[in-house]
Amino acid sequence: SQTIHQWPATLVQPVGSPLSLECTVEGTSNPNLYWYRQAAGRGLQLLFYSVGIGQISSEVPQNLSASRPQDRQFILSSKKLLLSDSGFYLCAWSWTGPNQPQHFGDGTRLSIL
Amino acid sequence: QKEVEQNSGPLSVPEGAIASLNCTYSDRGSQSFFWYRQYSGKSPELIMSIYSNGDKEDGRFTAQLNKASQYVSLLIRDSQPSDSATYLCAVRGAGSYQLTFGKGTKLSVIP
């Protein structure tokens with residue numbers, strides 16, 4: 001079976017500090033990978049998705065970036081966090097193909113002080 | 001812009017009743033439809049997928065899709081307090097990797 005791991009579970013960072021969130025998937029190869037943010041009282045916002053190593057598509061221009069250095073590893077980064085970056089960050093994976101659902105990791109709750 | 005609309009609730013139903021959750025979407029070319037359950041402070045969990053018009057049943061859950069009306073719903077029979085959560089509707093457009101999520105309906109099942 002497939003599992004998705006995300007860490008850390010919670011993170012408190014000062015404004016202007018860097019960020020690195022990591023996500024790994026086990027039990028599958030060549031998955032599609034996704035980063036979402038869920039802000040308080042708002043819906044899930046797709047930030048980035050990847051269909052393969054080194055292939056990143058950005059949905060929302062902002063101070064975040066993503067990388068996929070290995071097939072089952074997806075990293076979300078920032079060089080300098082803003083207050084507005086606070087939220088619940090979720091990594092998800094899906095099989096390739098047109099009708100595949102996405103499966104979420106446990107998420108990282110990020111608070112910016 | 002693709003939109004998915006849900007009533008934010010809260011929807012309160014007594015234990016044992018049927019809970020009915022509704023979702024409308026704007027992209028007429030949408031092909032895949034999903035319902036996720038999200039407990040407070042947790043990540044979304046997939047509970048149903050539906051791809052063609054009609055009903056799809058899985059245990060106490062029934063998803064209903066009407067593409068002509070651009071409408072998808074989720075029925076929960078014999079609602080339990082453990083069903084209390086926010087239910088997210090998600091829609092994938094034709095040829096797209098993206099899921100567009102609604103903001104969710106908060107369901108409260110009263111013992």
Side-chain angles (χ1 to χ4, degrees), chain A residues 1-10 21 23 25 30-52 55-60 66 68 74 87-111, chain B residues 1-10 23-27 29-53 56 58 61 63 65 67 72 74 85-106:
Chain A
S1 64
Q2 298 76 37
T3 57
I4 178 168
H5 302 281
Q6 244 189 284
W7 64 93
T10 60
L21 302 180
C23 170
V25 181
N30 197 30
N32 291 341
L33 297 173
Y34 311 83
W35 277 112
Y36 287 87
R37 178 171 60 202
Q38 189 175 39
R42 301 182 67 178
L44 279 164
Q45 179 186 34
L46 179 64
L47 302 174
F48 301 95
Y49 70 91
S50 172
V51 300
Q55 300 179 62
I56 309 294
S57 295
S58 173
E59 293 301 313
V60 184
R68 185 170 177 175
F74 205 22
F88 191 34
Y89 286 82
L90 292 155
C91 181
W93 75 274
S94 72
W95 298 108
T96 57
N99 290 328
Q100 299 302 319
Q102 295 175 16
H103 305 275
F104 288 88
D106 289 339
T108 295
R109 195 162 300 280
L110 175 63
S111 298
Chain B
Q1 184 171 349
K2 300 173 184 177
E3 294 182 346
V4 176
E5 300 287 342
Q6 296 181 256
N7 188 324
S8 63
C23 171
T24 59
Y25 59 95
S26 62
D27 180 8
S30 298
Q31 295 186 338
S32 308
F33 307 85
F34 308 96
W35 283 98
Y36 289 82
R37 177 177 62 200
Q38 187 174 22
Y39 292 114
S40 180
K42 302 296 185 182
S43 63
E45 172 192 13
L46 179 71
I47 53 173
M48 290 289 286
S49 306
I50 188 166
Y51 308 106
S52 55
N53 281 329
K56 179 182 178 182
D58 184 0
F61 299 98
L65 175 61
K67 289 186 178 180
V72 58
L74 179 70
T86 296
Y87 289 80
L88 304 175
C89 174
V91 176
R92 172 176 280 130
S96 172
Y97 292 107
Q98 294 184 47
L99 287 182
T100 301
F101 284 83
K103 292 184 179 180
T105 298
K106 186 172 183 178

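Letters A, B, ... mirror the listed sequences (proteins, then strands); counts begin at 1.
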**Prompt:** Under the 3.5 angstrom rule, does the side chain of B/R92 hit a backbone N or O of A/P101 as a donor-acceptor pair?
**Reply:** no
**Complete:** Applying a strict 4.5 Å limit to non-hydrogen atoms, the region of B/F33 in contact with chain A is neither
**Message:** Just so I know, are the side chains of A/Q102 and B/F34 near enough to count as touching, which here means a heavy-atom distance under 4.5 Å?
**Reply:** no
**Prompt:** Is B/Q38 close to A/F104 at the side-chain level, that is, under 4.5 Å between some pair of heavy atoms?
**Reply:** no
**Message:** Using 0.5 Å steps for rounding, measure from the OH atom of A/Y49 to the OG atom of B/S96.
**Reply:** 6.5 Å
**Asked** Does B/K67 NZ have over 12 foreign heavy atoms under 6.0 Å away?
**Response** yes
**Request:** Name, in order of residue number, those residues of residues 45-52 of chain B that have a heavy atom at a distance of less than 4.5 Å from a heavy atom in chain A; otherwise write 'none'.
**Result:** B/L46, B/S49, B/Y51
**Message:** Using every non-hydrogen atom in the two residues, find where A/L90 and B/P44 come nearest and quote the distance to one decimal.
**Reply:** CD1-CD, 3.8 Å
**For chain B, the option from A/Q38, A/H103, A/Q45 that forms the most heavy-atom pairs under 4.5 Å** = A/Q38
**Item:** Part of A/Q6 within contact of chain B (heavy atom distance under 4.5 Å)
**Value:** neither
**Request:** Answer yes or no: does atom CG of B/N53 have more than 12 heavy-atom neighbours from other residues, nucleotides or ligands under 6.0 Å?
**Result:** yes
**Item:** Partner set under side chain to side chain donor-acceptor pair (under 3.5 Å) for A/N99, not counting sequence neighbours
**Value:** B/S32
**Message:** Between B/Q98, B/Q31, B/Q6, B/K103, who has the most heavy-atom pairs with chain A when the cutoff is under 4.5 Å?
**Reply:** B/Q98
